[in-house]
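Below: one structure, written as structure tokens.
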There are 2 protein chains.
Amino acid sequence: MQNDRTGESLLFLTDEQLRQGIEAMFFAYRGFTADPDRILEKYNYGRAHHRAMHFINRVPGTNVNNLLKILGVTKQSLNRVLRTLIQDELVTLKIGTKDRRERHLYLTDKGKSLEKQLSTAQSHRMREAYRRVGPDAVTGFKKVLEAMMDSKLQVTYKKLRSS
Amino acid sequence: MQNDRTGESLLFLTDEQLRQGIEAMFFAYRGFTADPDRILEKYNYGRAHHRAMHFINRVPGTNVNNLLKILGVTKQSLNRVLRTLIQDELVTLKIGTKDRRERHLYLTDKGKSLEKQLSTAQSHRMREAYRRVGPDAVTGFKKVLEAMMDSKLQVTYKKLRSS
DNA sequence: TATTTTACGTCAGTCTTGTTGACATTCCAA
DNA sequence: TTGGAATGTCAACAAGACTGACGTAAAATA
């Protein structure tokens, strides 16, 4: 309805600009997932498999609980995905030595190969986008995204950065 | 594995930085949808309903085909959502006067009210993020998102901006 | 040592949201 | 007048999320 000019330093922010940001997120996320989705389809996997593989690759030897926290799904949901990945020999389990209740997850060579394919496709689009807009825009991009996360996820995100 | 320094102007882009961007998108999208999701749950609606309402609000009187292009789903999938929104009197149909096959979609007052609730919640988070990072970061944020869209969606996005 | 808690797996059932395929209706335009 | 476009709808299916309940092994603790 009206421009929203409540705060002192917010003068540059109109409802229209916020709405544009919302729509940009919506459309960009479609692009973000489009390339991996096409590859996954060929193997009869979905985004859930991609996400699991991504973070197992990122944090090799992670236990199930930790992965659950990162992904934000239930164990039943993750388990279904993990089971097929293990059956297909993309992921292996190792029982913890210190705490034998824990299962540590690793990508096999086959798993690493598919993960590489997926991340290459996804990175390619991001690299192209970065190249077109320049480094300053990239800095801003990441800052806004980080500020949009729930605080718990922000912690998770930062932990991953420093690992 | 190794730093990726293939192109001339890409020296600033490492695999690690790209991966951070990917993870930032993943985590931020969770934040992006979290607040509306909580509201939708109370009404027994899902994200699909939110998206439909958002764009019907944005382009009042749009026909079904146009909405399908924006949303990128099948008509059967959209129809299910649309049917419940019409039953619940959040959306109304008007048969086209020029082409009577077309159905033009509008939000009712009730629909506008819920849409407002949802967009307020979503905007609030984005406004906060913007406030924290400052205007330059916001510009970069939008630039990168736009560059990440499929070219067809980029056109759609720009059309919405100028409408 | 006995009990409780934790980590994990699994079975069963449900929901949302997406898909394909087929078919009917309305109606514009050639 | 007829072909094709815009739309609605029925049916069937799948991915991927959820809840709830139950089981097992192992660690932690009382």
Side-chain angles (χ1 to χ4, degrees), chain A residues 26 29-30 33-34 36-56 61-88 91-106, chain B residues 26 29-30 33-34 36-56 61-88 91-106:
Chain A
F26 173 60
Y29 203 79
R30 295 245 289 277
T33 55
D37 280 356
R38 266 187 289 273
I39 296 168
L40 289 159
E41 213 184 331
K42 292 193 286 186
Y43 298 89
N44 278 309
Y45 295 132
R47 272 183 214 172
H49 301 83
H50 182 193
R51 290 195 285 262
M53 293 179 65
H54 174 98
F55 287 107
I56 292 171
T62 178
N63 62 29
V64 176
N65 250 352
N66 185 48
L67 193 55
L68 283 173
K69 277 175 204 158
I70 294 174
L71 294 173
V73 296
T74 58
K75 61 173 180 171
Q76 292 91 331
S77 199
L78 174 59
N79 207 254
R80 177 163 12 104
V81 166
L82 235 37
R83 215 183 308 164
T84 72
L85 290 176
I86 291 165
Q87 272 170 7
D88 296 352
V91 168
T92 48
L93 284 182
K94 282 184 194 167
I95 291 176
T97 48
K98 200 177 165 188
D99 185 335
R100 295 187 50 198
R101 289 170 304 180
E102 293 185 346
R103 278 90 221 257
H104 299 285
L105 303 167
Y106 300 88
Chain B
F26 172 61
Y29 202 79
R30 294 244 291 276
T33 55
D37 280 356
R38 266 188 290 273
I39 296 168
L40 289 160
E41 213 184 332
K42 290 192 287 186
Y43 296 91
N44 278 310
Y45 295 131
R47 271 183 213 172
H49 301 83
H50 182 195
R51 291 196 284 261
M53 292 180 68
H54 174 97
F55 287 107
I56 292 170
T62 180
N63 62 29
V64 175
N65 247 355
N66 183 48
L67 193 55
L68 284 174
K69 277 176 204 158
I70 294 174
L71 295 173
V73 295
T74 57
K75 63 173 179 172
Q76 292 91 332
S77 198
L78 174 59
N79 207 254
R80 190 175 20 211
V81 166
L82 235 37
R83 213 183 312 166
T84 70
L85 290 177
I86 291 165
Q87 273 171 8
D88 296 354
V91 168
T92 48
L93 284 183
K94 282 184 192 167
I95 292 176
T97 47
K98 200 179 166 188
D99 184 335
R100 297 184 50 197
R101 286 169 305 181
E102 292 184 347
R103 277 88 219 257
H104 300 284
L105 303 166
Y106 300 88

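In this text the structure is predicted, and so the values were computed from the model without any measurement. Chain naming here is simple, since letters A, B, ... match the order of the sequence lines and numbering starts at 1 in each.
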Just the rounded figure in Å: distance from [atom2] of [N] to [atom1] of [X].
{"X": "A:Glu102", "N": "D:dA27", "atom1": "CD", "atom2": "P", "result": "10 Å"}
{"X": "A:Arg83", "N": "D:dA15", "atom1": "CZ", "atom2": "P", "result": "13 Å"}
{"X": "A:Arg47", "N": "C:dG18", "atom1": "CZ", "atom2": "C1'", "result": "11 Å"}
{"X": "B:Asn44", "N": "D:dA17", "atom1": "CG", "atom2": "C1'", "result": "15 Å"}
{"X": "B:Leu68", "N": "C:dT17", "atom1": "CG", "atom2": "C1'", "result": "14 Å"}
{"X": "A:Ile95", "N": "C:dC8", "atom1": "CD1", "atom2": "P", "result": "11 Å"}
{"X": "A:Asp37", "N": "D:dA15", "atom1": "CG", "atom2": "C1'", "result": "12 Å"}
{"X": "B:Leu93", "N": "D:dA6", "atom1": "CG", "atom2": "P", "result": "17 Å"}

Open item on the list: What contact category does A:His49 fall into here, base, sugar-phosphate, or nothing, at under 4.0 angstrom with non-hydrogen atoms?
Closed with: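 Counting heavy atoms under 4.0 Å across all strands, the contact made by A:His49 is with sugar-phosphate only.
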Within the 4.0 Å heavy-atom criterion, would you say A:Arg80 contacts the bases, only the backbone, or no part of the nucleic acid?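 Base: the residue A:Arg80, judged by heavy atoms under 4.0 Å, touches a nucleobase.
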Margin query: Is there, by distance only and without an angle test, a donor paired with an acceptor across the side chain of B:Arg101 and the base of D:dA5 below 3.5 Å?
Written below: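 Counting by modelled atom types and ignoring angles, a donor-acceptor contact under 3.5 Å is found here.
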* Asked: Do A:Gln76 and C:dG13 have a side chain to base donor-acceptor pair shorter than 3.5 Å?
  ->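 No.
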**Prompt:** Checking salt bridge (Lys or Arg N to Asp or Glu O under 4.0 Å) against B:Asp37, which of B:Arg30, B:Arg47, B:Lys42 comes through?
**Reply:**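 Among B:Arg30, B:Arg47, B:Lys42, the one meeting salt bridge (Lys or Arg N to Asp or Glu O under 4.0 Å) with B:Asp37 is B:Arg47.
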Does A:Asn65 put a side-chain nitrogen or oxygen below 4.0 Å from OP1 or OP2 of C:dC8?
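The answer is yes; a side-chain N or O of A:Asn65 sits under 4.0 Å from OP1 or OP2.
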### Message
Less than 4.0 angstrom between a side-chain N/O of A:Thr74 and OP1 or OP2 of D:dC18, yes or no?
### Response
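Yes, A:Thr74 has a side-chain N/O under 4.0 Å of OP1/OP2 on D:dC18.
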Return the [atom1] to [atom2] distance between [X] and [Y], rounded to the nearest 0.5 Å.
{"X": "B:Asn44", "Y": "B:His49", "atom1": "CG", "atom2": "NE2", "answer": "9.5 Å"}
{"X": "B:Leu68", "Y": "B:Gln76", "atom1": "CG", "atom2": "CD", "answer": "9.0 Å"}
{"X": "B:Asp88", "Y": "B:Tyr43", "atom1": "CG", "atom2": "OH", "answer": "12.0 Å"}

| Considering heavy-atom distances to DNA chain D, does A:Asp99 or B:Leu105 have its closest nucleotide positioned more toward the 5' end? |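 Here B:Leu105 is the residue nearer the 5' end.
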With nearest nucleotide decided by heavy atoms, which residue, B:Asn63 or A:Arg51, maps closer to the 5′ end of DNA chain D?
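Nearest nucleotide further toward 5': that of B:Asn63.
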So does A:Arg101 get a backbone contact from the side chain of A:Arg103, meaning a donor-acceptor N/O pair under 3.5 Å?
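Side chain of A:Arg103 to backbone of A:Arg101, a donor-acceptor pair under 3.5 Å: yes, one is there.
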Checklist entry - How do A:Asn79 and B:Leu78 order along DNA chain C: which one's closest nucleotide is nearer the 5' end? => result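 The residue closer to the strand's 5' end, by nearest nucleotide, is A:Asn79.
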